[in-house]
Amino acid sequence: MAGRELEWSRRHRAKAAAKLMAGWVALLWLLEVVDVASGHALDGLGITPRTPSELVDVVPAAFIHFGFAHVAANSVPLLVMGFLAALGGLRRFAAVCALIIVADGLGVWLIAPAHTNTAGASGLIFGLFGYLLVTGFVERRPLGVLVGLLVGAVWGTSILVGLAPTQSGVSWQAHLLGLVAGVATAFVFKRRTPESA
């Protein structure tokens with residue numbers, strides 16, 4: 001009986017995670033449709049560094065993109081890594097994402113080059129990559145380690161390329177800060193394992 005309940009719980013959690021991430025990605029596309037239809041009025045929700053009034057855009061900036069190609073580039077990694085992270089529980093996932101988004105956004109506000117406008121889900125994606133990469137090791141969970149290794153194998157090269165400061169029009173600062181925030185988040189939200197007597 002307990003085994004069936006556990007299996008149902010896993011299926012329920014996977015279904016909830018899939019619905020959440022499908023809705024999240026759909027929201028990003030919808031926002032870009034609105035942005036294009038409004039003459040790119042939403043682009044102003046990006047982060048302009050060291051401008052006090054821009055602090056309110058720290059969170060919205062993670063949902064705004066500069067064109068459909070930008071959204072498309074972020075959709076698959078966000079969908080997959082978000083799903084994997086959300087399997088650990090939706091409340092925990094929400095807290096992980098909130099911390100990554102806020103830390104990344106504030107970091108961009110502090111150190112991005114002057115007169116730039118930074119937006120997009122890539123900071124969160126780099127954060128989820130860092131989170132998934134180290135969580136299994138931090139919590140000493142074999143399945144988590146395996147997930148981290150798989151994520152590293154699939155996206156590791158892209159992540160390294162995204163950290164290069166030589167790419168024009170790409171905020172390597174947002175990528176680096178997101179990655180660091182994700183790794184830190186793995187420690188902040190570390191699950192406590194019961195101690196053996």
* Asked: Is there a side-chain contact between Leu133 and Val183 (heavy atoms, below 4.5 Å)?
  -> no

* Do side-chain atoms of Arg141 reach the backbone of Gly136 as a donor and acceptor pair under 3.5 angstrom? -> no

* Side-chain contact test, heavy atoms from C-beta onward, threshold under 4.5 Å: evaluate it for Tyr131 versus Met81 and give yes or no. => no

* Closest non-hydrogen atom pair, Asp43 against His65 -> OD1-O, 3.6 Å

* Asked: Judged by atom type as modelled, is there a donor-acceptor pair below 3.5 Å linking the side chain of Arg92 to the main-chain atoms of Phe189?
  -> yes

* Side-chain donor/acceptor of Asp104 to backbone N/O of Ala181, under 3.5 Å -> no

* Asked: At their closest point, which heavy atom of Leu42 faces which heavy atom of Ile64, and how far apart are they?
  -> O-CG2, 3.4 Å

* Might you point out which heavy atoms bring Ile100 and Gly178 nearest each other, and give the distance in Å? => CG2-O, 4.3 Å

* Who pairs with Thr118 by side-chain hydrogen bond (donor to acceptor under 3.5 Å, both in side chains), at least two apart in sequence or on another chain? -> none

* Leu149: partners by side-chain contact (heavy atoms from CB on, under 4.5 Å), with sequence neighbours left out -> Phe137, Val145

* Asked: What closest approach, in Å, do Gly46 and Ala61 show between heavy atoms, and which atom pair accounts for it?
  -> CA-CB, 4.1 Å

* Asked: So, do Phe93 and Leu128 sit near enough that their side-chain heavy atoms are less than 4.5 Å apart?
  -> yes

* To do: To the nearest 0.5 angstrom, please state how far the CG atom of Leu110 sits from the CG atom of Leu177.
  => 9.0 Å

* Side-chain contact, heavy-atom cut-off 4.5 Å: Leu163 with Phe126? -> yes

* **Any side-chain heavy-atom pair of Thr116 and Ser171 under 4.5 Å** => no

* Contact check, side chains of Trp29 and Ser75, non-hydrogen atoms, under 4.5 Å -> yes

* Same hydrophobic cluster for Val161 and Val151, using side-chain heavy-atom links shorter than 4.5 Å among ILVMFWY? -> no

* Asked: For the atom pair CZ (Arg50) and CD1 (Ile111), what is the distance rounded to the nearest 0.5 Å?
  -> 9.0 Å

* Asked: Quick one: does Leu28's side chain get under 4.5 Å of Leu78's, heavy atoms only?
  -> yes

* To do: Indicate whether the side chain of His175 and that of Ser122 have a donor and an acceptor atom separated by less than 3.5 Å.
  => yes

* To do: Starting from the C-alpha separation in whole Å, work towards a yes-or-no answer on salt bridge (charged side-chain N to carboxylate O under 4.0 Å, His left out) for Glu139 and Lys190.
  => CA-CA 6 Å; Glu139 299 181 352; Lys190 177 183 176 182; over 6 Å; no

* To do: Say whether Phe187 and Val102 are linked into one hydrophobic cluster, either directly or through other cluster members, by side-chain heavy-atom distances under 4.5 angstrom.
  => yes

* Anything under 30° is parallel, anything over 60° is perpendicular, the rest tilted; go ahead and classify Trp24 against Phe63. => parallel

* Asked: Taking the side chain from Asp57 and the backbone from Ile47, do they hold a donor-acceptor pair closer than 3.5 Å?
  -> no

* Asked: Does a side-chain heavy-atom distance below 4.5 Å link Pro113 with Gln173?
  -> yes

* Same cluster for Leu99 and Leu176 if Ile/Leu/Val/Met/Phe/Trp/Tyr side chains link at under 4.5 Å? -> yes

* To do: Mind checking the OG1-CG spacing from Thr135 to Leu84? Nearest 0.5 Å is all I need.
  => 11.0 Å

* Does a donor on one side chain and an acceptor on the other come within less than 3.5 Å for Thr51 and Trp109? -> no

* Greater than 12 external heavy atoms within 6.0 Å of Arg140's CZ -> no

* Shared ILVMFWY cluster between Val76 and Leu79, side chains joined below 4.5 angstrom? -> yes

* To do: Return the minimal non-hydrogen interatomic distance between Ala62 and Ile101, and the atom names on each side.
  => CB-CG2, 4.0 Å

* Work out which heavy atom in Pro77 is nearest to a heavy atom in Ile125; give both atom names and the distance. => CB-CG2, 3.9 Å

* Kindly work out whether a path of hydrophobic side-chain contacts (I/L/V/M/F/W/Y, heavy atoms less than 4.5 Å apart) joins Leu45 to Leu55. => yes

